[in-house]
Amino acid sequence: MNWKVFDCVSRVTGDSILVDSSKDAMRFYCMNQVREGSLLPIVLFRNARGIASSAIKYGRDPVSVLDAWLRTYNYRIFPMLKLLGIPYLTVDYDLMTRNPSAVRDQISNYLQLPCSDMPESFITNKYHIVAGNPMRFSSSIVVKYDNSWSDRLSPSLIALADSYQERLMLKQGGRE
């Protein structure tokens, strides 16, 4: 069904490239089985400090949230990509917010597409054309670095988050 939607969007817009920001490894696996070789995955991840900070902000246990975060990448996403044997790119969200042009260049190189200037803000209803992302209700967003973790996390929680970050298997998988 996803491929039918994507094909329709492509025909209507005239665009040959469609970005699907899903976060479901099994969905990606199934879609790749249907059209092997037409997907170029980019794995965007948040730093463990941001994960721990969000957990505290929303009244959740940071250890259980960090455990789930690490399992998602190390035991679901990266093993599935390795099993498929397809190239992928990892992108650090924090780096993207601090140095968007470097990340834009990295993504453009990976996709083998020409670079274009990245806007300072995004008109969300232009970029989120399919329901599912809450940002679609905002008129625009500005991509910026969020360092609220520095106020929210104690030194011991920063050290804990850093230990999780070090265990994240961030090996690039192919084209760079």
Side-chain angles (χ1 to χ4, degrees), residues 15-25 28 39-58 62 65-74 76-82 86-130 132-176:
D15 291 330
S16 60
I17 295 173
L18 181 67
V19 175
D20 176 18
S21 61
S22 305
K23 294 155 192 75
D24 185 339
F28 177 87
L39 301 176
L40 294 172
I42 299 173
V43 181
L44 177 66
F45 66 94
R46 273 181 75 197
N47 183 286
R49 290 178 180 188
I51 299 297
S53 178
S54 289
I56 290 170
K57 178 180 176 181
Y58 294 108
V65 172
L66 284 165
D67 282 342
W69 171 80
L70 192 63
R71 278 192 312 270
T72 296
Y73 288 100
N74 286 356
R76 292 185 73 190
I77 294 173
F78 294 130
M80 183 261 311
L81 291 169
K82 184 178 180 181
I86 57 178
Y88 64 92
L89 176 70
T90 56
V91 173
D92 180 328
Y93 181 81
D94 290 346
L95 177 61
M96 182 181 74
T97 59
R98 285 181 274 141
N99 192 349
S101 18
V103 172
R104 180 206 60 218
D105 293 346
Q106 182 186 24
I107 292 171
S108 295
N109 185 44
Y110 167 70
L111 297 175
Q112 299 178 352
L113 294 172
C115 266
S116 61
D117 288 332
M118 195 162 152
E120 292 291 321
S121 66
F122 296 91
I123 301 168
T124 58
N125 61 1
K126 178 178 178 184
Y127 295 102
H128 291 96
I129 58 173
V130 178
N133 191 315
M135 289 188 297
R136 72 186 181 279
F137 298 115
S138 304
S139 60
S140 70
I141 58 166
V142 175
V143 177
K144 62 184 178 186
Y145 180 68
D146 177 8
N147 69 342
S148 63
W149 61 265
S150 61
D151 296 328
R152 198 171 285 127
L153 299 180
S154 67
S156 62
L157 277 175
I158 290 172
L160 176 71
D162 290 348
S163 74
Y164 274 83
Q165 187 72 37
E166 290 170 8
R167 292 185 278 160
L168 188 62
M169 297 177 200
L170 287 177
K171 296 179 181 131
Q172 298 295 329
R175 264 192 255 175
E176 292 189 40

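Side-chain atoms are counted along with the backbone in the values below, which use heavy atoms only and exclude waters and symmetry mates.
- Contact detail for I56 and P62: the closest heavy-atom pair is CG1-CG, 4.1 Å.
- Side-chain contact between T72 and I77 is present, with at least one heavy-atom pair separated by less than 4.5 Å.
- Between W69 and N47, the shortest heavy-atom contact is CZ2-C, 4.4 Å.
- Judged by distance alone, the side chains of S54 and R46 do bring a donor and an acceptor atom under 3.5 Å apart.
- Residues passing the side-chain contact (heavy atoms from CB on, under 4.5 Å) test with L95, sequence neighbours excluded: D92, N99, V103.
- Side-chain N or O atoms of R104 include none that pairs as donor or acceptor with a backbone N or O of P100 at under 3.5 Å.
- When all heavy atoms of A48 and A161 are compared, the closest pair comes out as CB-O, 3.1 Å.
- S148 places a side-chain heavy atom less than 4.5 Å from the side chain of S53.
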Next on the checklist: I'd like to know whether F28 forms a side-chain contact (heavy atoms from CB on, under 4.5 Å) with I86, so could you lay out the CA-CA distance, the side-chain angles of the two residues, the decisive distance to 0.1 Å, and finally the verdict.
Outcome noted: CA-CA 12 Å; F28 177 87; I86 57 178; 3.6 Å; yes
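- In this structure, A52 and L66 approach most closely via the heavy-atom pair CB-CD1, 4.1 Å.
- Taking the centre of each ring, F78 and Y88 come in below the 6.0 Å mark.
- Among residues two or more places apart in sequence or in another chain, the side-chain contact (heavy atoms from CB on, under 4.5 Å) test is passed with N147 by Y145, W149, S150.
- With a 4.5 Å cut-off on side-chain heavy atoms, D94 and D146 do not count as touching.
- Taking a cutoff of 4.0 Å between a charged side-chain nitrogen and a carboxylate oxygen, D162 and R49 qualify as a salt bridge.
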Checklist entry - Could you go step by step and tell me if L40 and Y110 meet the side-chain contact (heavy atoms from CB on, under 4.5 Å) rule? => result CA-CA 9 Å; L40 294 172; Y110 167 70; 3.7 Å; yes
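- For the atom pair CG of L168 and OG1 of T90, the computed distance is 8.5 Å after rounding to the nearest 0.5 Å.
- Across all non-hydrogen atoms, the minimal contact from L44 to Y73 is O-OH, 3.1 Å.
- Contact annotation: the side chain of Y164 approaches that of D67 to within less than 4.5 Å [non-hydrogen atoms, C-beta and beyond].
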Checklist entry - After noting the C-alpha distance and the side-chain angles of Y93 and T97, does the key distance pass the side-chain contact (heavy atoms from CB on, under 4.5 Å) rule? => result CA-CA 6 Å; Y93 181 81; T97 59; 3.6 Å; yes
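- For S156, the side-chain contact (heavy atoms from CB on, under 4.5 Å) test picks out S154, with sequence neighbours left out.
- In terms of heavy-atom proximity, N74 sits nearest to P79 at O-CG, 3.1 Å.
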Next on the checklist: Run the side-chain contact (heavy atoms from CB on, under 4.5 Å) test on K57 and R152 for me, step by step, so that the C-alpha distance in whole Å, both residues' side-chain angles and the decisive distance to 0.1 Å come before the verdict.
Outcome noted: CA-CA 8 Å; K57 178 180 176 181; R152 198 171 285 127; 3.8 Å; yes
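- Side-chain contact between D105 and N109 is absent, with no heavy atoms from C-beta onward closer than 4.5 Å.
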